[in-house]
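A quick write-up on the structure given underneath.
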Amino acid sequence: LHGIIFYEDRNFQGRSYECSSDCADMSSYMSRCHSCRVERGCFVVYDRTNFTGNQYFMRRGEYADYMSTMGMSDCIRSCRMIPMHRGSYRMRIYERENFGGQMHEMMDDCDDIMDRYRMSNCMSCHVMDGHWLMYEQPHYRGKMMYMRPGEYRSFMNMGMGHTRFMSMRRIMDSYY
């Protein structure tokens with residue numbers, strides 16, 4: 001089971017909206033969102049509708065004022081539930097768009113592709129197994145993107161302001 005509760009104000013005050021699956025447009029339920037509580041599961045929240053804009057990963061816990069702690073905007077407009085994955089993790093990362101340039105296959109977390117693979121860029125990928133988080137800077141910092149299994153030929157076409165990633169981590173079942 002999964003569940004996240006959004007609150008208009010800090011410290012779980014004001015109107016609330018509970019969600020247990022994907023929601024492409026939360027703006028009809030609440031105009032702003034300053035805190036939330038993840039009761040079960042893991043979610044990615046977005047500051048634009050239809051799962052676009054900046055993304056933030058939320059695991060079980062209380063976020064009394066996540067705007068100040070995570071640098072988030074006060075308008076969470078959509079959210080996506082991340083299904084639990086049991087089994088192996090496998091992803092191919094590519095230096096250039098459309099699976100061009102160097103390719104490396106990874107099965108575990110990588111905090112810096114420059115250190116590990118001598119790759120200065122990752123601009124496309126193919127996620128074969130598992131769910132992953134990719135970050136624009138090394139050591140899981142900077143803007144983040146949630147990747148589920150599939151082919152991603154160009155990060156530029158995914159509603160993101162940036163096009164490359166430098167570190168990746170698996171969304172493990174211990175996060176749930």
Side-chain angles (χ1 to χ4, degrees), residues 1-86 89 91 108-113 122 125 127 130-149 152 155-176:
L1 277 168
H2 298 266
I4 186 169
I5 306 170
F6 297 96
Y7 299 86
E8 282 188 335
D9 301 318
R10 290 176 181 80
N11 299 313
F12 320 113
Q13 302 294 308
R15 276 174 51 200
S16 67
Y17 171 63
E18 187 165 359
C19 194
S20 58
S21 61
D22 295 359
C23 180
D25 187 358
M26 287 170 43
S27 52
S28 54
Y29 304 109
M30 45 200 331
S31 56
R32 64 181 191 277
C33 178
H34 285 274
S35 55
C36 79
R37 185 179 276 130
V38 180
E39 302 202 308
R40 294 174 305 280
C42 294
F43 292 82
V44 174
V45 299
Y46 303 79
D47 63 6
R48 294 197 199 139
T49 57
N50 298 314
F51 318 114
T52 58
N54 293 313
Q55 307 183 13
Y56 307 91
F57 175 68
M58 319 290 270
R59 59 201 277 188
R60 193 172 62 231
E62 299 199 331
Y63 301 86
D65 181 9
Y66 54 55
M67 292 173 57
S68 58
T69 54
M70 297 170 79
M72 296 173 68
S73 70
D74 68 343
C75 55
I76 300 307
R77 295 288 184 230
S78 51
C79 82
R80 179 163 266 158
M81 186 268 291
I82 304 173
M84 191 185 282
H85 171 77
R86 289 205 168 87
Y89 289 78
M91 171 167 59
D108 60 356
D109 300 352
C110 176
D111 68 355
D112 189 342
I113 62 169
C122 167
C125 74
V127 178
H131 295 253
W132 298 72
L133 300 174
M134 298 179 72
Y135 297 82
E136 67 176 350
Q137 294 168 23
H139 308 295
Y140 319 119
R141 289 201 297 262
K143 288 185 176 168
M144 179 218 99
M145 186 185 273
Y146 162 55
M147 313 298 264
R148 28 188 206 181
Y152 301 90
F155 300 138
M156 199 172 333
N157 303 334
M158 297 179 64
M160 303 291 282
H162 55 286
T163 57
R164 65 180 202 162
F165 295 96
M166 298 301 291
S167 52
M168 303 82 192
R169 66 163 38 136
R170 299 159 295 163
I171 301 175
M172 307 293 284
D173 57 5
S174 59
Y175 289 8
Y176 285 78

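Side-chain contact between Met166 and Gln137 is absent, with no heavy atoms from C-beta onward closer than 4.5 Å. Within the 4.5 Å cutoff, no side-chain heavy atoms of Cys79 are placed close to those of Met58. The closest side-chain heavy-atom distance from Val44 to Met144 is below 4.5 Å. Counting heavy atoms from C-beta on, the side chains of Glu8 and Ser31 come closer than 4.5 Å. Between Phe155 and Arg164, the closest side-chain pair of non-hydrogen atoms is not below 4.5 Å. With contacts defined as side-chain heavy-atom distances shorter than 4.5 Å, the pair Tyr152/Met145 does not qualify. A heavy-atom distance below 4.5 Å is found between the side chains of Met168 and Cys122.
Using cut-offs of 30° and 60° on the angle between ring planes, the pair Tyr17 and Tyr29 is parallel.
Considering every non-hydrogen atom in both Met30 and Tyr7, the closest pair reads CE-C, 3.5 Å. Across Cys36 and Ile4, no two heavy atoms sit closer than the pair SG-CD1, 4.2 Å.
Atom-to-atom distance recorded for Phe6:CZ and Ser16:OG is 11.0 Å, nearest 0.5 angstrom. Rounding to the nearest 0.5 Å places OH of Tyr140 at 9.5 Å from CG of Asp112. Separating the OG atom in Ser20 from the CZ atom in Phe43 is a distance of 7.0 Å, to the nearest 0.5 Å. Put simply, CD on Gln55 and OG on Ser78 are 9.0 Å apart, with the number rounded to the nearest 0.5 Å. Of the inter-residue distances, the one linking Met134 atom CE with Cys110 atom SG reads 10.0 Å to the nearest 0.5 angstrom. Taking CE of Met84 as the start and OH of Tyr176 as the end, the distance is 6.0 Å to the nearest 0.5 Å.
A salt bridge is absent between Asp111 and Arg169; no separation between the charged side-chain nitrogens and carboxylate oxygens falls under 4.0 Å.
Under a 3.5 Å cut-off, the side chain of Ser35 and the backbone N or O of Asp9 do form a donor-acceptor pair. Side-chain N or O atoms of Glu136 include none that pairs as donor or acceptor with a backbone N or O of Gly142 at under 3.5 Å. Of the possible donor and acceptor atoms, none in the side chain of Asp22 sits under 3.5 Å from a partner among the backbone N and O of Arg80. Of the possible polar contacts, one joining the Asp47 side chain to the Asn54 backbone as a donor-acceptor pair under 3.5 Å is found. Not a single donor-acceptor pair under 3.5 Å links the side chain of Arg10 to the backbone N or O of Ala64.
Shown here are the side chain to side chain contact (heavy atoms under 4.5 Å, CB included) partners of Thr49, two or more places apart in sequence or in another chain: Asp25, Arg77. Qualifying side chain to side chain contact (heavy atoms under 4.5 Å, CB included) partners for Met172, counting only residues two or more places apart in sequence or in other chains: Tyr89, Arg170, Ser174, Tyr175. By the salt bridge (charged side-chain N to carboxylate O under 4.0 Å, His left out) test, Glu39 pairs with no residue at all, sequence neighbours left out.
With Phe12 as the aromatic partner, Arg37 meets the cation-pi criteria of under 6.0 angstrom to the ring centre and within 45 degrees of the ring axis.
Paired with Met147 under the rule side chain to side chain contact (heavy atoms under 4.5 Å, CB included), one option of Ile171, Leu133, Val127 passes, and it is Val127.
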